[in-house]
**Q** 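Quick one: this structure, given as structure tokens, is what I'll be asking you about.
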Amino acid sequence: MNVRVLSFARVREVLSSGQMTLDLADGATAADLWSALERGCPPLRELAASTRIARNGRVVDGCEPLRDGDEIALLPPVGGG
Amino acid sequence: MNVRVLSFARVREVLSSGQMTLDLADGATAADLWSALERGCPPLRELAASTRIARNGRVVDGCEPLRDGDEIALLPPVGGG
Amino acid sequence: MRLAIVREPIDVERLRREVERDDFGGVTVFVGVVRCRDDDGRSVTGLSYEAFEPMAIAAFEAIAGEARERWSGVALAIEHRIGDLSVGEVAVAVAAAAVHREAAFAACRYAIDQLKQRAPIWKKERYADGSGRWKENACGR
Amino acid sequence: MRLAIVREPIDVERLRREVERDDFGGVTVFVGVVRCRDDDGRSVTGLSYEAFEPMAIAAFEAIAGEARERWSGVALAIEHRIGDLSVGEVAVAVAAAAVHREAAFAACRYAIDQLKQRAPIWKKERYADGSGRWKENACGR
């Protein structure tokens, strides 16, 4: 299945891309997606603890199953205002 | 001695005048001034408890002696803002 | 710092810019507006304000000084309009700026609260039938 | 009610007018401004903001709804700018209006506090030497 991945701020800089499409095995979870990203980009590891994952606009935890066509956003700690 | 009397809001309306000059006996106090005003305008009496008296820009109590040339302001409860 | 009694409409944006400084990160502005109903539900057509101007300005200066001392370095500007105002018009504006928002909020709130208690300013509510009534603030004595 | 992420300068006066209503007597506006120094005393030339816009707007809507419920009937408008901002420019403005000032102050403060904690918006401080650093808010995780 394919999911669209949006990333922001520090995570975007580490990934060198704000937007990508990932091909994941059916049944993959949010945590599996993060692991796949870390494999391709090891420096991402140190952001794991502070980055929240949103699936279709809602923050989820790692065990959340993903579905084809999902929009996943990687959200580092916020700094608005 | 002569003092200038400024009045505001309800007090001004009761006195029918925002500004007047009063001729007082030497040694008159703020309380004496108020009594003189009440004699000329009895309805003022019910405002006595709530009206503060300022002498030359500073709120004083009734025993404050007045001097020739003073500017006295009669200040009902405020309602700014 | 602008501390003024004015007869013309208050320029809120200008007041906000008065307190700006390069090292300030937060500005809080409070605007008091003439509303169409009083607390008893009575319909109001407007408010008439008057002030004893020199003592009102002196009160603004005292309040601003107290705020600067209490919230170190905060900048404060106050403008109060007098005369006849209609519903929706701005009667008073207070702008407070500081490095952080906590002080900007606290100083702005302090200034409007103190102004309502201490500044020699009076307002008369005007009603549709042509009558009016002087309105005191709580703690306005 | 205006709840927006914008790329152009924020019109604070317009935002204030958004929340006006005939029966409201108080409006509190908070403006967050880019300052020339950070909390460590380092000289800042500007801030670069980015947002995940749909979730940021959803956060603004949730915050405005909470405020309306908590301070019955309060009106709230929020605008946050993104992109590259210079020192002195307005990054965020919150306007809250209510019948009385207590609710206007409380709702405005609530909104900016919650925005800083919850809205998916990020800022990078830019320094004179060309470097930069992402700055998190306290409780921004």
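Within every chain, numbering begins at 1; the chains are lettered A, B, ... in the order of the sequence lines, protein sequences first and strands thereafter.
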**Q** Could you look at C:Ala119 and say if it's the side chain, the backbone, both or neither that has a heavy atom under 4.5 Å from chain B?
**A**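 The backbone, not the side chain.
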
**Q** My understanding is that only residues two or more places apart in sequence, or in another chain, count here; which of them pass ring pair (Phe, Tyr, Trp, His ring centres under 6.0 Å) with C:Phe24?
**A**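 C:Phe24 satisfies ring pair (Phe, Tyr, Trp, His ring centres under 6.0 Å) with no other residue.
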
**Q** Applying ring-ring contact (aromatic ring centres under 6.0 Å, His included), which residue pairs with at least one partner in residues 48-71 of chain B are found, sequence neighbours left out?
**A**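 Every candidate ring-ring contact (aromatic ring centres under 6.0 Å, His included) pair involving residues 48-71 of chain B fails, so no pair, neighbours aside, qualifies.
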
**Q** Name the option with the most non-hydrogen atom pairs under 4.5 Å to chain C; the candidates are B:Ala54, B:Gly79, B:Ala73, B:Pro76.
**A**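 The residue among B:Ala54, B:Gly79, B:Ala73, B:Pro76 with the greatest pair count is B:Gly79.
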
**Q** Hey, can you dump all donor-acceptor pairs under 3.5 Å between chain C and chain B, distances included?
**A**
residue	atom	partner	partner atom	Å
C:Tyr49	OH	B:Gly81	O	2.8
C:Glu50	OE1	B:Arg12	NE	3.3
C:Glu50	OE1	B:Arg12	NH2	2.4
C:Glu50	OE2	B:Ala9	N	2.7
C:Glu50	OE2	B:Arg12	NE	3.2
C:His80	NE2	B:Gly81	N	2.9
C:Ile121	O	B:Gly79	N	2.7
C:Ile121	O	B:Gly80	N	3.2
C:Trp122	NE1	B:Pro76	O	2.9
C:Trp122	NE1	B:Pro77	O	3.3
C:Lys123	NZ	B:Gly79	O	2.7
C:Lys123	NZ	B:Gly81	O	3.2
C:Lys124	NZ	B:Glu13	OE1	3.3
C:Lys124	NZ	B:Glu13	OE2	2.4
C:Trp134	NE1	B:Glu13	OE1	2.9
C:Trp134	NE1	B:Glu13	OE2	3.4
C:Asn137	N	B:Val78	O	2.9
C:Asn137	ND2	B:Gly80	O	2.8
C:Gly140	O	B:Val78	N	2.7

**Q** What heavy-atom pair brings B:Ala30 and B:Ile53 nearest, and what distance separates the two atoms?
**A**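 Looks like O-CD1, 3.8 Å.
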
**Q** Which region of C:Ala93, side chain (C-beta onward) or backbone (N, CA, C, O), has a non-hydrogen atom less than 4.5 Å from a non-hydrogen atom of chain B, or is it both or neither?
**A**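 Contact with chain B is absent: no heavy atom of C:Ala93 under 4.5 Å.
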
**Q** By a 4.5 Å heavy-atom criterion (distance strictly below it), what part of B:Leu75 contacts chain C: side chain, backbone, both, or neither?
**A**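 Both backbone and side chain.
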
**Q** Using every non-hydrogen atom in the two residues, find where B:Val11 and B:Leu44 come nearest and quote the distance to one decimal.
**A**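 Residues B:Val11 and B:Leu44, closest heavy atoms: CG1-CD1, 4.1 Å.
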
**Q** For C:Arg68, which residues count as a salt bridge (charged side-chain N to carboxylate O under 4.0 Å, His left out) partner, sequence neighbours excluded?
**A**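 Once residues adjacent in sequence are excluded, C:Arg68 has no partner under the salt bridge (charged side-chain N to carboxylate O under 4.0 Å, His left out) criterion.
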
**Q** Is C:Asp23 salt-bridged to C:Arg21, cutoff N-O under 4.0 Å?
**A**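 Answer for the salt bridge query: yes.
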
**Q** Does the distance from a Lys or Arg side-chain N to an Asp or Glu carboxylate O, for C:Arg17 and C:Glu13, drop under 4.0 Å?
**A**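 Salt bridge present between C:Arg17 and C:Glu13.
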
**Q** Is it the case that more than 12 heavy atoms not belonging to C:Arg37 sit under 6.0 Å from its CZ atom?
**A**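 Not buried by this count: 12 neighbours or fewer within 6.0 Å.
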
